[in-house]
Amino acid sequence: MIPLTWSLALSAVLFTIGVVGVLVRRNALVIFMSIELMLNAANLAFVAFAQQMNSLDGQIFVFFVMTVAAAEVAVGLAIIVNVFRLRETIFVDEINLLKG
Amino acid sequence: MLWIIPALPLAAVLLNLLFGDRLGKRGTSVLACGAVILAFMAALRAVLQLAGIPEEDRRIVETLYTWMRVGDFSANVSFLLDPLSAIMVLVVTGVGSLIHVYSTAYMAEDPSFRRFFMYLNLFMFAMLTLVLADNYLLMFVGWEGVGLCSYLLIGFWYEKHSATEAGKKAFIVNRIGDFGFILGLFFLINWTGSVDYERVFAAAPHLFPIGGIAITAATLLLFLGATGKSAQLPLFVWLPDAMEGPTPVSALIHAATMVTAGVYMVVRSHVLFQMAPFTLEVIAIVGAATALMAATIGLAQNDIKRVLAYSTVSQLGYMFFACGVGAFGAGIFHVMTHAFFKALLFLGAGSVIHGMHHEQDMRRMGGLAGKMPVTHMTMLIATIAIAGIPPFAGFFSKDEILAAAFSSGHFPIWIAGLIGAVMTAFYMFRLYILTFRGEPRFIEHAGHDAQGHGAHTDEPHGQGHPVHESPAAMTIPLVILAVLSIIGGFVGMPFQEGGHLLERWLRPVLESAGGLPHSVGHQLSHATEWALIGLSVAIAGFGIFMAFRVYLQRPSLATSLRERFAGLHNALIHKYWVDEFYDAIAVKPIYRLSQWLWRFFDEKIVDGIVNGVGYTLEGGSAILRLFQTGYVGTYALFITLGVLALFLHILRS
Amino acid sequence: MNLVPQPSFLPVDWWALGAVITLTLGCLVLLLLEFLPAREKGNRGGIVSLLTLVIAGYSVYRVAGEKRALFEGMFVHDPLTVFFTLLFCAVGVLSVLISWDYVKRTRINQAEYYALLLSAVLGMVIMAASNDLITIFLGLELMSLALYVMVGFRRARLESSEAALKYFLLGAFASGFLLYGIALLYGATGTTNLARMGAFLGDTTVIDNPLLLIGSLLVFTGFAFKVAAVPFHMWTPDAYEGAPTSVTGFMSAGAKAAGFAALLRVLLRALGPIEAQWGDLIAVVAFLTMTVGNVTALLQNNLKRMLAYSSIAHAGYILVAVAAGGPEGAASAVFYLAVYSFMNLGAFAVLTMMGQGRDERVLVSDLAGLGFRQPLLGVALTVFMISLGGIPPTAGFMGKIYVFSTAVKHPELMWLVIAGVLNSVVSVYYYLRVTVALYMREPDGESVAISWGTPAVIALILTLAATLYLGLVPQDLWVLAQRSVSGLL
Amino acid sequence: MVPYLFLGFAAMLVATALMVVLHKNPVTSALFLVLAFCSLAGIYLLMHAEFLGMVQIIVYAGAIMVLFLFVIMYLNLKHDIETGVQTAVRRGLGWGLGALLLLTSGTLLTRGWSMGPVLAELPAQGEGNAAAIGKVLYSRYLFPFEITSILLLVAMVGAIVIAKGRKGPEGEGA
Amino acid sequence: MPIPWLSFLVFFPLAAAALIALMPRSAERSVRLWATIAAAAEFVFSLPLWWRLIPGMPHFQFEERLDWIPAIGAQYHLGVDGISGLLALLTTFMTFIAVLGAWTAVEQRGREFFALVLVLEAGMLGTFFCLDLLLFYVFWEAMLIPMYLLIGIWGGKRRVYAAVKFFLYTMAGSVLMLIAILSLYLMQKNMTGVATFDLAAFYQMPIAPAQQFWLFLAFAFAFAIKVPMWPLHTWLPDAHVEAPTAGSVILAAVLLKMGTYGFLRFAMPLFPNALQQCGPWIAWIAIIGIVYGALVAMVQTDIKKLVAYSSVSHMGFCMLGLMAMNPQGFAGSMMTMLNHGISTGALFLLVGIIYERRHTRAISDFGGLWKVIPVFSVIFLIVTLSSIGLPATNGFIGEFLVLLGASRHNMAWAVVAALGVILSACYMLWMFQRVVFGPITHEENQKLTDLTLRERLVFVPLLLLIFWMGVAPQPFLDRCQPALDRTLQLTNDRAAAAGRMVGQLRGEPASATSNLTGGGQ
């Protein structure tokens, strides 16, 4: 039995890494990957809690999250590809037509 | 039927306004003069009716309707005829009708003939309202009404800048006086709760301690109004300028009637004034000072009308110090006589100007005696009258005033009066001599002069007519007035038991004030009285003699005197620089202040703040837009910051 | 095989689920129809989606009085659900109407467009109707995904694609926070069901459990992002400006309402107790949102962008109501949302008509002189601007009255109310700029061409009527709003 | 035993996650992400969430990451070279914020936190975790399950709409 | 229920406006005729306010009460008393005059113009009639829109600036009043449990002096901007200068009265104790306004701006009269409202007439007009005189009563305020002299045409009123006084009640409201 503190700490760290990734990277794809890290951190938390509370709900939730993630990936990658097609870059700091 | 008296001129105004253009000049003049003459008839009838009433209740009150009633305050439109207003009404309508007749000829060729008579009639209406009103508020209506008419008539030749300026000046200076009047009125209303003479006078003695603050303030304020209307210090400055108006106007408004309104008001409220000795002192001093100062200025003026104007101011001064020393009756007496001879003088001057094709500068006159005999004779009579030579009208009234001053122990005032008398005699005869005697100093066919007084083209006469006597329509009124100036004084013949005629006539009014001491002329022994008479006659004689000596026999003397006292003379020419003084201390600073308020306070401060808010917000907007960089990174950063902020908040709590 | 026994469905349950089912079916039908040959400018997409929305709305309306909890209380049919479902259907209908000719003239392929629109509505309905964080999350994702795509629909336009990218990345980022928040709440309460969570929090004594606090804050963040509250608002202007105008209208009305619907339900049902811990935060956020939105809008020249900021500001006003808290606050928020949807969609109805073919003319200067050449558009736009500015006699004013009169009840919120009204003064400045352009300026160069379309005009008139009607007699909607927040399941 | 495994996986997870964020080359990042997912799957297994562990491998490491890699290849991205002060600032801010987030939440949690009620009923150990999940998924969680189906549909449609080839109504005019 | 006459008065112009707006473009010419007919009809319909209104009645008349938003107890509640009755008459009358005067002024977009004017009329009437605070606020703000458009569309060069300034200025003032209204509503609800915006209910409700202060400030701020009181007046000159003639006329004649009316109807009776505190201050501000407005008017170069600043001065008299808190002051204030409406309205019309002919308003561009257009000049003269308050014209009655009232409360007020009377003569006559007197300096003025028959018709009623109200004001006074006295009574009673409240709290004897009742003696 893994102490909840450990897993929570782990998920927190993972989540933070994801956030930081979003903040520091300029490549839309990598940013997106970081977001995936955040989702997974949440999943970890769910699973951890579920295990502690002997309930399946957490795991179910994780299952749904994975589906959502898959869907998001599909749409997101499509959008990124489209952007790349139009302006040959996916660096978010080169994409600021709209501002002010 | 009192209301008919003011109503007639008003009706004439309306008729002229609506149908005047169809009536033509003749119709207009008939309408205008007719209305005033009828008013005079009506007044006469009313006065006779009044005389019929036994003395103790000799007053006719006629209430038309309630003007305004608000809370505990109410004022009626109602007229009062009592001995006092009777005199005024007769003088106003009488002299008024004469001047109307005179004007028909004087203004004959003026393109805005109709407008002139409408104004004139309107003035009659206002003036009659003033004197017939039986409460202060209605009096105030007339009071401002005459001010308005004088504004319009002074500025009658509106294309002449100086004329409109003078008109405006007259109105505004009068407004300053009215400011005092209305405030004084508030005192009366707030204490006595009414504006009716009867109620106010009845209530006053019980409400005010003699010489109390309230009554003193009230009366002083009222007197401020009087100084405005009657051109006393410090508000006399408008009257000389008012000579810009047509001469008949000067005669009617600025000599005979309107300017005496102040005196009338003071006499009317003598009950109040007698309760404020301090005010009376002030009045006496102001009156005397004005009389002296105006007389001195009069010595040095060369414009015939201005000389008369200053003499008017000076004479008004006499009337006021008469009131000041408590001789209200004498004041009114002088108002009456002064109306006769001063109107006559002005009309005569008008006739001269008329004959001289609008020459007003006496230095270009002289020797007119032969050319316009009627004018000459009448003018001479008037001059003697004002100089105070018995048995002419001026003598009696002025003598009574001086006597009153003497007997009431105001010796400085009395002395001033005497000096004033000398100077009056002197400058009046100076005027007479410069105009009618000596060598003609003008070129026949003289056109317009340099001073610009005649510069307006509205008046008749092209150039080149010889100097001539004026038409009958002008001379007849002169004659009538001359007669009045001779006999007008007899109503005030001294040495009669129980006071003279006028005094007895006025008694119901002047004694209504619960036995307060008033006209004091009769505590004097006959001997003293004779002495005073002799003195004043001698004084007048001296003045006249000097005038003849200086201006007729040795004209060089005049110039040498002028050189001797150059500084003084200069001061007199410039009327002691009073106008300049007012301009410097009041007009200019106010103007500058206003400019500052507008340009700086209004536009910079207030609007600056208002618009400043706008600019600040737009600046904020610009700044906030900088955060909207368009970079996903920035946006994510702010989201994270937000979350962090939330965390920190709960960390604190 | 001992399966958990299925609860047997009564007819009423089917009606209650009607909206969800119909919308799903409509979405499928639209996609299937694609396989049949169609004219370039056919109307079937629009017609089908209109029918779907109407039926969906009807089926819920038919059982409006009922209260049902389905799927173990994950899906509840209660007044709030009914109110919002109807609102979303109305928004959907109006959006379809204003999209009708716009999608044609911009050559957006209709089937997918309408399908996505319906699924977005579906997502919103689920958000409003679900009583469980799982379903709320799923509904939110459903709506968001559809919107991401719709924003990027004009994929040949740089702006459109860029907007989609930003919206997507930030949306995903935000839903990451939301998800983590849900996880923590789940951990702290052992359930994701709002009712049970509420019950648990009602009993428990450890209110200041950090898990709870952090979780609730993260959840709040997620919703705050959707409703564009400062500082989670920055995606809004870009997304609104880049998106096709019709989509902007749709999301500004729908997504915001959905976000608030979920937020309100969560606050009312579950987090009420711990909201006390950070309720004052909402006030601060509300203040920031109003102020930043209004002030930034002052200098905007692009109408879509201006309306984006104005929508941020309005989110602020609604948050004032939320900060006031309790059923009353919720009721006023609900009322305001409905009002806002109408006036805002109306404004966008005008915008979609501006320009012809594939170009959009949405600069303030494009309006120059329009008021007199196109009286209807002029009057309508003026009314909408006045209403957005909260000036009587329009719906916007009533919304403000309701919100502020609720907030005034709390002395500690007085500062917020004052800030609010002053904000509305500031906002009037940029709303007036529109009327200035409409009536007081002459177009330099040729004036903007208007592409008229019956459906859009209908939408215009409907919204106009609603804005004025609700401004003059708000009573009915007022009562509805009050009823909608009472007795949640 | 289990704790050590957990620690191992955790260390690996953190390391790989860091690499994802740190490494210049997106391809490498993607590959590290795969590793991260795998280690996470391991942790799931340790937590008796076998089903999820499998799904994690299959869906994430299998499907999603392949999609990622495919796209990266398709766009054949150059390294994103980041230089300049503005990058440094962004880095600093990013890491700083991350640290602060951890710090604050950490301090909050150290105040002592409590977990939700523990349910008596253990997941039926007889048949595996997968079966148990399956049961509830199709009964209690039917509604969300249906939603996810629509979600996927929408995602599919959306992806197609956006990523469709150059031709297509919106194609011209770009 | 009797015929909803007031509603009819409010909505008839709206209907007319709608019809006019919907007329075909081809009807541009005939629009003005129809508009005039509509305005005239409205005036005729409103005339019964003159004789069917029973002044003595102790309550509002022709009341109409419908539930409007039962959810919050807001009602559609109209009613009229002497005060609002006279003001409503002024409104319908001046609107008619303005419409008649605008025939040739509006070159283009006549339909929109006249429609807006009628809408504005409806709004103003509603504001005067309504007895429900929320309804009042609705009318109060809704009124801004048509005026804003009138200024902004048909105005002069800087019209947009002026219009927006007008709108924001006024709104900034009124939003705080909205909060105050809402808090009042809340108090009422907490105190009595009744949710209502009914004015009468608030008249009944005691308010603790402490709370009164801020509420009063909120109300006073809104009204002070509308009046406008110095130093919140700066929107007025811009608005007046830029607005089209009809706009200026209505703005001066009616809109400004909303402010004073608001004080009289709402701010003062509702918060008497706050009034006790602030009254003297407000009075002094009003006095400053009187003098300030006059001084600034004196140096204006634009006739319209001069008249605008003179409005500031005149409205100062209105406020002073109100603050005097005695019958004379109130009556004077009321009369000044009417007089200012008529005289200043007439002045703006006159300015508009020469502006139409010369397209300039600079004083220096005129001079010697009397020679060319005597009829105009005479009318101008009369109006000028009434504006400077010459006795026997309407202006005098108002100013006299105000000053009388002020002098009863505090002689110093009257003394300083009376300076305004002098100054008004200065600036008006100076302007008149420069415009009408003197030689003709500009050739363009040589061929000015005198008033047309229509223009004369516009002024006949105005002049008649000027003299009627000056010579026999009693009919007007009779109509408004009972209502004014009631307001005064109400204010004093409420003050006394609150005073007792505090007294009991402090355990002191009820403090008599001495400086409210005012009488100097």
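Order of the sequence lines fixes the chain letters, A, B, ..., with proteins taken first and strands second; residue numbering starts at 1 for each chain.
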Peer 1: A side-chain contact here means heavy atoms from C-beta on lying under 4.5 Å apart; do B/Thr629 and C/Met234 qualify?
Peer 2: no
Peer 1: Using a cut-off of 6.0 Å, state whether more than 12 heavy atoms not belonging to B/Phe627 lie near its atom CZ.
Peer 2: no
Peer 1: Relative to chain B, which segment of C/Leu165 carries a heavy atom at a distance below 4.5 Å: side chain, backbone, both, or neither?
Peer 2: neither
Peer 1: For the CZ atom on B/Phe647, are there more than 12 heavy atoms of other groups (residues, nucleotides or ligands in this structure) within a distance under 6.0 Å?
Peer 2: yes
Peer 1: Quick one: what part of C/Val426 sits under 4.5 Å from any heavy atom of chain B, side chain, backbone, both or neither?
Peer 2: side chain
Peer 1: Hey, does C/Phe177 have a side-chain heavy atom less than 4.5 Å from the side chain of B/Ile639?
Peer 2: yes
Peer 1: Counting only heavy atoms not in B/Ile213, do more than 12 sit closer than 6.0 Å to its CD1 atom?
Peer 2: no
Peer 1: Could you give the distance from CG (C/Asp238) to OH (B/Tyr631), rounded to the nearest 0.5 Å?
Peer 2: 12.0 Å
Peer 1: Over all heavy atoms of both residues, which pair between C/Leu298 and B/Glu618 is shortest? Give the atoms and the distance, please.
Peer 2: CD1-N, 4.3 Å
Peer 1: Examine whether an atom of C/Phe173 lies under 4.5 Å from a heavy atom of chain B, and if so say whether it belongs to the side chain, the backbone or both; otherwise answer neither.
Peer 2: side chain
Peer 1: Is a side-chain N or O of C/Thr296 found less than 3.5 angstrom from the main chain of B/Arg625, in a donor-acceptor match?
Peer 2: no
Peer 1: Do B/Val643 and C/Phe232 have side-chain heavy atoms sitting under 4.5 Å apart?
Peer 2: yes
Peer 1: Find the distance between CD (B/Gln628) and CD (C/Gln300) and round it off to the nearest 0.5 Å.
Peer 2: 8.5 Å
Peer 1: Checking heavy atoms, do the side chain of B/Ala645, its backbone, both or neither come under 4.5 Å from chain C?
Peer 2: neither
Peer 1: Given a strict heavy-atom distance threshold of 4.5 Å, which part of C/Asp280 is in contact with chain B: side chain, backbone, both, or neither?
Peer 2: side chain
Peer 1: Quick one: CG on B/Leu646 to CZ on C/Phe220, what's the gap to the nearest 0.5 Å?
Peer 2: 7.0 Å
Peer 1: Which of the residues B/Gly620, B/Ala636, B/Gly614 is involved in the greatest number of heavy-atom pairs with chain C at under 4.5 angstrom?
Peer 2: B/Ala636
Peer 1: C/Pro231 and B/Gly642: which non-hydrogen atoms are nearest, and at how many Å?
Peer 2: CG-CA, 3.6 Å
Peer 1: Any chance OH of B/Tyr615 has more than 12 other-residue heavy atoms, nucleotides or ligands included, within less than 6.0 Å?
Peer 2: no
Peer 1: Quick one: CG on C/Leu170 to CZ on B/Phe638, what's the gap to the nearest 0.5 Å?
Peer 2: 12.5 Å
Peer 1: Can you tell me how far apart CG (B/Leu617) and OG1 (C/Thr291) are? Round to the nearest 0.5 Å.
Peer 2: 10.0 Å
Peer 1: Please state whether the side chain, the backbone, both or neither of C/Leu299 comes within less than 4.5 Å of a heavy atom of chain B.
Peer 2: both
Peer 1: Is it the side chain or the backbone of B/Ile650 that comes within 4.5 Å of chain C heavy atoms, both, or neither?
Peer 2: side chain
Peer 1: Quick check on the interface: out of C/Thr221, C/Ile214, C/Leu169, C/Leu281, who has the most heavy-atom pairs with chain B under 4.5 Å?
Peer 2: C/Leu281
